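Data block below; observations after.
As the structure is a computational prediction, the values presented were derived from the model and not from experiment. Throughout, a chain's letter reflects where its sequence line sits, starting with A, and its residues are numbered from 1.
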Amino acid sequence: MSGHSGSSESRPKLKFLKPSDDDATWEQDKPDVDPINATTFVYNPYYSLSLDQQKKKLPIYQNRDHIIYLLEKYQTLVLVGETGSGKTTQVPQYLAEAGWASDGTMIGVTQPRRVAATSLASRVADEMGAILGDEVGYAIRFDEKFSPTRTKVKYLTEGLLIREMLGDPLLRQYSVIMLDEVHERTVNSDILMGLLRKILKKRKNLKLIISSATMDAEEIQRFFNLRDKKSSKSSSDDTSVILSVSGRSYPIEICYAVDPVPDYVKDAVKTVMKIHETEGKGDILVFLTGQEEVDNAITLLQQHTQNLSDTNKKAMELLPLPMYGSLPARDQLRVFQHTPKGARKVVVATNIAETSITISGIVYVIDCGFVKMRWFNPDTFTDSLVVVPISKASAEQRAGRGGRTAPGKVYRLYPEPEYEKLDPQSPPEIQRCDLSFAVLQLKVLGIDNIVRFNFPSPPPAQNLVSAVEVLFALGALDRSGGLTSPLGERMAEFPLPPCYSKMLLVSGDFGCSDEITTIAAMLQVENVFQLPFGQAAIRARIVKRKFEVEEGDLITLLNVYTSFVKSGRTKHFCSQNFLNFKRLKRADEMKKQMVKMLRRFEIPLESCKGNLEPIMKCIASGFFPNAVYLHHSGYYRTVRGDLVVYPHPTSVLYALPQPQYLLFSEIIHLSQIYIRDLTVVKPEWLEELAPHFYKKRTEHFH
DNA sequence: GAGCACTGC
């Protein structure tokens, strides 16, 4: 798929259809809604009815005894329920009270995100009248509060539970595992499902609860049904069962655009204004796909608000607020502030508001119907960010962001027939991402044949092959696909992508572990350079030059960190140099962790004291699969895949004379294929450090 | 001279 240039015209679009004749009668039934210029909505009164009918097929949740009864009878319970049903907070308490966490075992509840694990633990501890860390605890990376002897309910991140299997392969410290928010289908939740299926066969006394907000429960139930189909014909021998939990959310009215909308940013803004003029109290949440769209919508809304206050004195003020991941923390907090009396908040957000954050007081939701998604292409070894239609599950989730405190209303900027054509679920992440880290994790957990591993949704074979190839080139796997010792085993223990862990583990050999831990840490945090507007932007660029070196971006980052430490890690230094203090502090933390891990492998902290060559060779030992060479056409091409790529304009090497060979840390397919975080490399180093990978490829370069 | 959704170990 070709990239998009950022203008909405070139984006892939839903094929909107004109309403057919059949729909004409339906259209007449619509309540009297004035056309909002191009966008008109119809109310679909059948929505809630059809959802109820679906639910009738499933057993209905009654009380705690019902759950306990089912868990005694079945090994796996698939719990379907909307958010707000209290399953995440209540069910573990039921089980703890009923004595399921006895003999020093625990009930483990996984979450995809760190904040969820910690905040749920403290909430449940409150509800149980316990001290956090005693009966109820949590564990996330860098932070844990639980007692191995007294804790009965432990909330933890998915990734951490996988790591616990390294020391406790059958998870014997748990009597019940509850995987929560499984409908999000993160790589980790899919890996956990595959691994837990194996564990359940070996530990008949382990109970599993899979908790999901959507209706793909049957598929999961079948995956965990371990009944031997040959010896047992009766479904009464099933080992898994579905239970539906009713939610407590308010009804949500669904409106669809009658006609396809030509420009969903403009139409979202029009819809906001229409709601503001005709509808009652309540804040508005708008879903768009990216930062640029959000900023454009905010600008348009500000213009409209200006016009409003100029022409007619509106009783209610409109307060547009942007929300996306790279927004400074201070601005992000504004969306959580209480809406002033007599005002209406409009939060224009990316997908961050679909699951990661919850804003209270939202009544109206406007959904553009698209999402930006990362997609790994094993042919080119590139990641792309593509705008694709959302799934039905996403549409429901977005709609549900309103109606949490009062009846809600959602405006979908697409006709209803388009909704019907959406996929029920988005493809799980494991089917569309780089799997090299996941494969390494599975190998160290004893999964020798990755291709035959029972994934709930198998990833494309090519993605697995591509991951195995890179791991072999890095020396983590041997010819037969086994983990090498000690390099491969150690790499699997690092919570980092394989290129990074390889670089760190060989840094001792180059005598530069001090510098390499810094570089790895700086690459882990988000961009430390602040991007101010206007005059300040020019000053920021000049200041940045102090740190820049012709060896590339990684050494530049090293300079930034070294100066930061020399200054005494002060906020003042950061604001003077247009650097992000919080991110540098986080890099500092990460470096400490990496130094600690290296010490465990008896790799001492050493500095090569200003000699750059060992550092650059060490970088090359990890990142050689990401080499590009200068083609005679004047453009860079990748060694793997021979793709034409462009250094990103933020790179220090962008404006400098082009070196013959470069290494990149990141490649992304946008309007063009950009490579970022670059380091100059000598071709003879590549041949020396990775001859098997490199030699056969050098002939056709010149 | 670009501009990239979101997590996590």
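- In this structure, the nucleotide among B:dC9, B:dT7, B:dC4 sitting nearest to the side chain of A:Lys372 is B:dC4.
- Rounded to a whole Å, the CD atom of A:Gln593 is 15 Å from the P atom of B:dG8.
- In this structure, A:Arg185 places its CZ atom 22 Å from P of B:dC6, rounding to the nearest Å.
- Rounding to whole angstrom units, CG of residue A:Leu385 and C1' of B:dA2 are separated by 14 Å.
- At a threshold of 4.0 angstrom between heavy atoms, the contacts of A:Arg374 include nucleobase atoms, whether or not backbone atoms are also involved.
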Worked verdict on A:Thr289 versus A:Tyr264 for side-chain contact (heavy atoms from CB on, under 4.5 Å) = CA-CA 10 Å; A:Thr289 71; A:Tyr264 59 69; 3.5 Å; yes
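- Judged by distance alone, with hydrogens and angles left aside, the side-chain atoms of A:Asp180 form no donor-acceptor pair with the main-chain N or O of A:Gln111 at under 3.5 Å.
- Listed nucleotides: B:dT7, B:dG3, B:dC9. Nearest to the side chain of A:Ser356: B:dT7.
- Note: CD (A:Glu429) to C1' (B:dG8) measures 9 Å, nearest angstrom.
- Checked against B:dG1, B:dG8, B:dC4, the side chain of A:Leu670 finds its nearest nucleotide in B:dC4.
- Judged by distance alone, with hydrogens and angles left aside, the side-chain atoms of A:Glu666 form no donor-acceptor pair with the main-chain N or O of A:Ile675 at under 3.5 Å.
- Rounded to whole Å, atom P of B:dC6 lies 14 Å from atom CZ of A:Arg432.
- Set against B:dC6, B:dG3, B:dG1, the side chain of A:Tyr324 has B:dC6 as its closest nucleotide.
- The aromatic rings of A:Tyr500 and A:Phe623 stand perpendicular to each other, their planes meeting at an angle above 60°, with 30° marking the opposite boundary.
- Counting any heavy atom pair closer than 4.0 Å across all strands shown, A:Leu496 reaches a base atom.
- Out of B:dG1, B:dC4, B:dC9, the shortest distance to the side chain of A:Arg114 is found at B:dC9.
- Note: CD (A:Gln441) to P (B:dG8) measures 15 Å, nearest angstrom.
- If you check every strand for non-hydrogen atoms under 4.0 Å, A:Gln524 touches a base.
- With distances taken from any side-chain atom of A:Leu160 to the nucleotides B:dC9, B:dA2, B:dA5, the minimum falls on B:dC9.
- The closest donor-acceptor contact from the side chain of A:Asn580 to the backbone of A:Gln530 lies at 3.5 Å or more, if one exists at all.
- Of the candidate nucleotides B:dC6, B:dA5, B:dG8, B:dC6 has the atom nearest to the side chain of A:Ile352.
- In this structure, A:His648 places its NE2 atom 14 Å from P of B:dG1, rounding to the nearest Å.
- If you take CD of A:Gln332 and C1' of B:dA5, they are 13 Å apart, rounded to a whole angstrom.
- With hydrogens and angles ignored, a donor-acceptor pair under 3.5 angstrom links the side chain of A:Arg541 to the base of B:dG1.
- Regarding contacts with the backbone of B:dC4, every side-chain N or O of A:Arg676 stays at 4.0 angstrom or more from both OP1 and OP2.
- When heavy atoms are screened at a 4.0 angstrom cut-off, A:Tyr674 is found touching the sugar-phosphate backbone but no base atom.
- Considering only side-chain atoms of A:Gln291, the nucleotide from B:dA5, B:dA2, B:dC9 that sits closest is B:dA5.
- For A:Gly325 and A:Pro497, each mapped to the nucleotide of DNA chain B holding its nearest heavy atom, the one lying further toward the 5' end belongs to A:Gly325.
- A sub-4.0 Å separation between OP1 or OP2 of B:dC6 and a side-chain N or O of A:Thr355 is absent.
- For the OP1/OP2 pair of B:dG3 and a distance below 4.0 Å, the side-chain nitrogens and oxygens of A:Ser671 include at least one atom meeting the criterion.
- Taking the six-membered ring for Trp and thresholds of 30 and 60 degrees, A:Phe601 and A:Phe494 have ring planes inclined between 30 and 60 degrees apart.
- Within the 4.0 Å cut-off from OP1 or OP2 of B:dC9, at least one side-chain nitrogen or oxygen of A:Thr157 is found.
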